[in-house]
Amino acid sequence: MTMRWRSLLAAGLLALGLAGCAGMYKTGGADIGSTRLDDTPRIAVVSAFEPELKLLLGRLRGAARHSLNGVEFTTGTLEGKPVVLFLSGISMTNATMNTQLVLDRFRISHIVFSGIAGGVNPSLHVGDVTVPAQWGQYLEVLMARETAPAKYSAPPFIKDATLPNFGMMFPRPVEVRSAAKPAIERKFWFEADPKMLEVARSIRSVDLANCSGGKCLARKPQLVVGGNGVSGQAFMDNKAYREYTFKTFQANVLDMETAAVGMVAYSNGVPYIAFRSLSDLAGGGEGENEMGTFMGIAADNSAKVMLAFLAAWK
């Protein structure tokens with residue numbers, strides 16, 4: 001074979017390879033075409049760990065399972081709406097990674113989170129279901145230098161640690177990029193979608209449970225829509241830090257995933273909302289942490305409200 005023919009053959013193979021790549025990846029966003037596992041427009045329904053998703057999987061119609069990177073995605077319909085159910089995994093990195101994964105591999109129109117949380121607002125009780133209007137990352141912090149006994153100061157070049165500190169910890173916003181704002185911006189609150197919140201506010205008739213497995217709450221749980229939620233990569237069971245979190249962020253609840261999901265949703269321009277039911281009081285209750293006792297009630301209450309939301313969603 002002459003050198004000329006070898007060159008032509010190599011050029012042809014390169015062109016075919018580039019054409020194949022063009023068919024697989026589309027420019028201008030996260031749409032990666034033929035790598036999608038399913039092409040039906042769907043609502044992503046997310047929970048952090050299996051007990052939170054159990055009731056929802058039992059209600060799913062036409063279930064079909066897909067597995068990717070060890071994560072199981074289950075498509076079907078809930079309350080007549082096309083959905084894909086999956087577990088984010090516990091904590092911020094898992095939630096970030098797997099939320100982006102579902103956006104890359106499915107055609108997602110909206111994101112809905114359903115799960116449990118720790119109560120921060122002292123006016124809320126175990127079993128209540130909260131639907132915050134915005135979520136922030138309360139453990140994105142500067143660990144400041146102690147400049148005098150019990151006195152902590154930020155380095156002069158850090159200008160965004162403006163919220164009240166808890167000892168050496170000074171909260172800060174996070175850096176984020178998005179298709180709408182490709183330059184880096186610093187942002188603390190990631191807002192839930194206003195239209196989804198409006199539908200959540202219209203929910204009136206969900207019968208929230210206050211007993212499970214012989215354990216009963218002292219009062220009937222309530223649905224609370226609005227206010228703030230915060231997330232961070234720690235299980236929180238500390239009375240003093242709970243009080244600081246409420247005072248500083250006016251948070252109703254805290255968890256380990258939702259703000260990460262909200263950040264990914266914001267970056268991709270996808271509307272989101274989160275339903276979180278209080279399984280415990282994050283260190284504010286009498287005696288030991290309540291999660292082991294009331295997790296089942298909280299998980300089911302969150303799922304019931306989320307199903308009512310899907311039924312009302314147009």
Side-chain angles (χ1 to χ4, degrees), residues 29-30 46 48 88-100 103 111 113 115 117-121 130-147 151-194 196-197 225-236 238 240-274 276 282:
V46 195
S88 66
I90 295 172
S91 203
M92 304 289 276
T93 300
N94 280 326
T96 302
M97 176 174 63
N98 291 322
T99 302
Q100 188 61 58
L103 292 176
I111 299 171
F113 206 112
V120 178
N121 187 332
T130 63
V131 192
Q134 58 185 5
W135 288 83
Q137 299 185 35
Y138 76 123
L139 292 181
E140 183 77 17
V141 297
L142 157 73
M143 298 290 192
R145 181 179 301 206
E146 189 172 14
T147 54
K151 292 277 289 184
Y152 302 91
S153 300
F157 54 85
I158 292 183
K159 306 295 186 183
D160 59 4
T162 58
L163 288 166
N165 61 302
F166 184 86
M168 67 179 177
M169 297 187 293
F170 288 70
R172 304 176 67 193
V174 297
E175 290 187 355
V176 62
R177 299 175 187 262
S178 66
K181 297 180 179 180
I184 290 176
E185 63 173 318
R186 299 195 65 80
K187 187 173 173 66
F188 188 87
W189 295 111
F190 291 88
E191 297 81 7
D193 179 64
M196 299 174 87
L197 279 170
V225 181
N228 301 332
V230 291
S231 305
Q233 53 275 35
F235 184 89
M236 229 275 278
N238 182 274
Y241 203 76
R242 175 187 192 256
E243 292 170 353
Y244 161 80
T245 302
F246 177 65
K247 182 178 179 180
T248 303
F249 307 106
Q250 289 297 294
N252 285 335
V253 291
L254 59 80
D255 65 29
M256 299 175 68
E257 298 86 22
T258 303
V261 173
M263 183 175 174
V264 175
Y266 175 81
S267 184
N268 286 273
V270 177
Y272 89 102
I273 194 170
R276 289 286 193 168

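In what follows, residues are counted from 1 in the order of the sequence shown.
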Using modelled atom types and a 3.5 Å cut-off, is there a donor and acceptor pairing between side-chain atoms of Arg172 and backbone atoms of Glu140?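 No; zero donor-acceptor contacts below 3.5 Å.
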Does a side chain donor of either Asn94 or Ser88 reach within less than 3.5 Å of an acceptor in the other side chain? no
Over all heavy atoms of both residues, which pair between Tyr244 and Met169 is shortest? Give the atoms and the distance, please. OH-O, 4.4 Å
Closest heavy-atom pair and its distance - Val176, Ser267: CG2-CB, 4.5 Å
Close aromatic pair by centroid cut-off 6.0 Å: Phe166 and Tyr241: yes
So how far is it from Met236 CE to Ser231 OG, rounded to the nearest 0.5 Å?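 One gets 12.0 Å once the value is rounded to the nearest 0.5 Å.
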List the atom of Ser153, the atom of Thr147, and the distance in Å for their closest heavy-atom pair.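 The pair with the smallest heavy-atom distance is OG-OG1, 3.3 Å.
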Min side-chain heavy-atom separation Val141-Met168 under 4.5 Å: no
Once rounded to the nearest 0.5 Å, what's the spacing between atom CD of Gln134 and atom CZ of Phe188?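 That separation rounds to 9.0 Å.
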Rounding to 0.5 Å, atoms CH2 (Trp135) and CG (Asn228) come to a distance of 9.5 Å
List for me each residue that meets side-chain contact (heavy atoms from CB on, under 4.5 Å) alongside Asn121, sequence neighbours excluded, and say none if there are none.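 side-chain contact (heavy atoms from CB on, under 4.5 Å) list for Asn121, sorted by chain: Ser123, Leu124, Phe246, Asn252.
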Examine distances only and state if a side-chain atom of Tyr272 and a backbone atom of Phe190 form a donor-acceptor pair shorter than 3.5 Å. yes
So, the side chain of Arg186 versus the backbone of Pro173: is there a donor-acceptor pair under 3.5 Å, distance only?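 It does hold such a pair.
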Using every non-hydrogen atom in the two residues, find where Ala274 and Pro132 come nearest and quote the distance to one decimal.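 Scanning both residues, the minimum pair turns out to be O-CD, 3.9 Å.
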If you compare all heavy atoms of Pro171 against all heavy atoms of Asn165, which two are closest, and at what distance to 0.1 Å?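 Closest pair (atom of Pro171, atom of Asn165, distance): CD-CA, 4.5 Å.
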Which pair of heavy atoms, one from Ala144 and one from Phe170, lies closest together, and at what distance?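 Reported closest heavy-atom pair: CB-CE1, 3.4 Å.
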Gap separating the CE atom of Met92 from the CE atom of Met97, nearest 0.5 angstrom: 13.5 Å
Before accepting this row, confirm whether a basic side-chain N of the pair Glu257/Arg276 lies closer than 4.0 Å to the acidic partner's carboxylate O.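 Yes, charged N to carboxylate O under 4.0 Å.
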Kindly indicate whether the side chain of Phe249, heavy atoms from C-beta on, has any atom under 4.5 Å from the side chain of Trp189. yes
Atom CE in Met196, atom CD1 in Ile111: separation rounded to 0.5 Å?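 CD1 of Ile111 is found 8.5 Å from CE of Met196.
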Side chain to side chain, Leu139 and Gln233, heavy atoms closer than 4.5 Å: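 Yes. Closest side-chain heavy atoms under 4.5 Å.
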Once rounded to the nearest 0.5 Å, what's the spacing between atom CD of Glu175 and atom CD of Glu185?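 If I round to the nearest 0.5 Å, the distance is 10.5 Å.
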